[in-house]
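Okay, so here's the structure we're looking at.
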Amino acid sequence: MNMRTKEFTLPETETEAVTGAEWWRSAVIYQIYPRSFADANGDGIGDLPGITARLPYLARLGIDAIWLSPFYRSPQADAGYDVADYRVVDPLFGTLDDFERMRHQAHALGMKVIVDLVPNHTSDEHAWFQAALKSPPGSAARARYLFRDGKGPHGDLPPNNWQSVFGGNAWSRAPGDSQWYLHLFDRKQPDLNWDHPEVRAEFEDVLRFWLDRGVDGFRVDVAHGLIKAPGLPDWGGHAAMVEGAADHGNNTSPMWDQEGVHEIYRHWRRLLDTYPGERMMVAEAWIAPQARLARYIRGDEMQQAFNFDYLLAHWDAAEIRAVVDSSLAASAAVGAPTTWVMSNHDSVRHTSRYGLRKPGARPKGIDAAGEQPDEALGLRRARAAALLTLALPGSAYIYQGEELGLPEHTTLDARYRQDPAFFRTQGAEIGRDGCRVPLPWKADAPSFGFGPGEKSWLPQPDSFARYAVDRQDGVSGSTLELYRQLLRLRRDYALGTGLLEWQSAGSPDVLVFDNGTLRGVINLGMQPVALPRGTLLVASEPLETHGELPGNTAAWLTLS
Ligand code: GLC
Ligand code: CA
């Protein structure tokens, strides 16, 4: 059946896309995980000067914007998602001047800059929380967080049964105290009380602080979590992250997706709209179904939300097609663009997920004792998947290293692990360190060129040498050159602002679609199939037999 999806057309013309009207509708946004991107000063941790030095690489890749995970002052209990001061750059990453240089240079190269905003919780080392600990129960200082008396005759039982996303109890006792405080994540990440006007005022001010410094947008961390159900009622479920959002009923829980969050985003939207240029917000919200997620991107709220359903899809043509259709339909219903994302700093890299026996399975980390992915097959599928993802109308996210075909570090020794989820589950959850390993830039240099010396905050596997940028740069057929070519064609064919039209594929393992004059085909099966009509533009693998598309391969053709 050919499904004409004209109703998903986005309102702009090609010209507007080029001149940048509502740039976020079709933007390719590259996620930088600062501590693992490039280290300029050799302490083994990536930093802002390291990013600045590599901006020409990103401009050449052909992306439209960068999104930086947090670089604010933080004790780094959750790799910077525990913010102690929202207006200060952590000395690990540099200074505010370094940020300004980086931002300026990115803009000079034509790239927008999105920063991370972490409003659900602060660090326990934030001045507010420190003041709260020093103040008695019932004090004004405590009212900015969620302090409660414990249950039981001595108050030594937690106020309710909520579990932390990272495992264990979501409540910790304030040291030497009768009260408990809520932390949906680590105990060093106390949840803020978003019913408090000071909390709201403070974050508006933080938004202004970064808007005044020229940022083009915010990625809003845990956007579905700010408001909790009144009375903090017990709940039978387990608060899960990306991998479990749909399965754990995040949308019926008392901590996620409460109606009250939307008012906050409407307010922020009005604030952003008072600034010149098109400042945007993208929601990180692990909720299902798509229609609930779309409520975050209604016309007066955020511009985008991460499409985790797409990230979670297995390597299965019918499943992927269904996710693409439901995503396009849900965002079109509210006039927002759809986003496409395969990897981020919280999930196993898709090159590795696609190489598992159940391709696209969602382990929470992989270690040496777990099933080791078929690296070559995973890479082959990831390259094919890039031809689907980057051809879809909407905005696409690339996680640093994805353009190199970088795999997960799947044998990282436990002694190096830093993810709080690993510790809070006593290792039952391997955690996210494996997708956060510093990037390889030079195959033959110490730390593979991540920094000037040997140091790297997580050890890199030897296999990273063959993925290094200098091994791929200018090498025809490399994953890096493939991404460069795809991003160029995506622009030439205005795929981000186009519309998708499925064509009949002739095999249940194959998807064929048109976007304007470009025809895409992806073969998710193992057997070769006939290549559809059209002139070949690019294929994810060399096509050895004329007219044939091998298994786990995709191609772009042109109809004109
Ligand atoms: C988001 C971040 C994740 C972090 C969590 C708590 O999900 O992406 O890395 O651990 O929020 O801030
Ligand atoms: Ca450094």
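Order of appearance sets the numbers: ligands from 1, and atoms from 1 within every ligand. Keep in mind that the numbers below use all heavy atoms, side chains included, and drop hydrogens, waters and symmetry copies.
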- Task: For atom 4 (C) of ligand 1, grab the closest protein heavy atom and report residue, atom and distance to one decimal in Å.
- Result: Asp78 OD2, 3.3 Å
- Task: Apply side-chain contact (heavy atoms from CB on, under 4.5 Å) to the pair Tyr265 and Arg298, showing each step before the final yes or no.
- Result: CA-CA 10 Å; Tyr265 304 135; Arg298 290 177 287 193; over 6 Å; no
- Message: Between the Ca ion (ligand 2) and Asp43, which N, O or S atom of the residue is the nearest one?
- Response: OD1
- Query: Less than 3.5 Å between some nitrogen or oxygen of Arg219 and one of ligand 1, yes or no?
  - Reply: yes
- Task: With heavy atoms only and a cut-off of under 4.0 Å, state how Phe306 meets ligand 1: side chain, backbone, both or neither.
- Result: neither
- Item | Glu429 (side chain) donor-acceptor with Phe422 (main chain) under 3.5 angstrom | no
- Message: Under a 4.0 angstrom heavy-atom cut-off, which atoms of ligand 1 come close to Asp221?
- Response: 1 (C), 2 (C), 6 (C), 7 (O), 8 (O), 11 (O), 12 (O)
- Charged N-O contact under 4.0 Å between Arg60 and Asp473: yes
- Could you check which N/O/S atom of Asp47 is closest to the Ca ion (ligand 2)? OD2
- Message: Quick check on His183 - does any of its heavy atoms sit under 4.0 Å from an atom of ligand 1?
- Response: no
- When you measure from the side chain of Glu284 to the backbone N and O of Val220, does any donor-acceptor pair fall under 3.5 Å? no
- Note on the structure: Output field for angle at the Ca ion (ligand 2), Asp39.OD1 vs Asn41.OD1, rounded to 10°, should show 80°
- Message: When you measure from the Ca ion (ligand 2) to the N, O or S atoms of Ile45, does any of those distances fall below 3.0 Å?
- Response: yes
- Task: Check Arg25 against Ala336 and note the closest heavy-atom contact, atom names and distance.
- Result: NH1-C, 4.0 Å
- Query: Any donor and acceptor pair, going by atom type alone, linking the side chain of Asp64 with main-chain N or O of Val28 inside 3.5 Å?
  - Reply: yes
- Message: On the six-membered ring of Trp171, is Arg148 placed so that its NZ or CZ lies under 6.0 angstrom from the centre and within 45° of the ring axis?
- Response: no
- Which residue and heavy atom of the protein sit nearest atom 7 (O) of ligand 1, plus the separation: Glu284 OE2, 2.6 Å
- Item | Under 4.0 Å to a heavy atom of Arg436 - the qualifying atoms of ligand 1, by number | 9 (O)
- Message: I need the atoms of ligand 1 closer than 4.0 Å to a non-hydrogen atom of Trp286, numbered in the order shown.
- Response: 7 (O)
- Message: Under a 4.0 angstrom heavy-atom cut-off, which atoms of ligand 1 come close to His121?
- Response: 6 (C), 12 (O)
- Message: Donor-acceptor check, side chain of Arg295 to backbone of Arg292, threshold 3.5 angstrom: yes or no?
- Response: no
- Inspect the contact between Lys442 and Asp444 and indicate whether a charged nitrogen and a carboxylate oxygen are less than 4.0 angstrom apart. no
- Task: Would you mind listing which atoms of ligand 1 come within a distance below 4.0 Å of any non-hydrogen atom of Phe185?
- Result: 5 (C), 6 (C)
- Item | Ligand-residue contact atoms, ligand 1 with Arg432, heavy atoms, under 4.0 Å | 3 (C), 4 (C), 9 (O), 10 (O)
- In this structure, atom 8 (O) of ligand 1 is nearest to the protein heavy atom Asp346 OD2, 2.5 Å
- Message: Under the side chain to side chain contact (heavy atoms under 4.5 Å, CB included) test against Asp124, which residue among Gln189, Lys188, Arg187, His183 passes?
- Response: Lys188
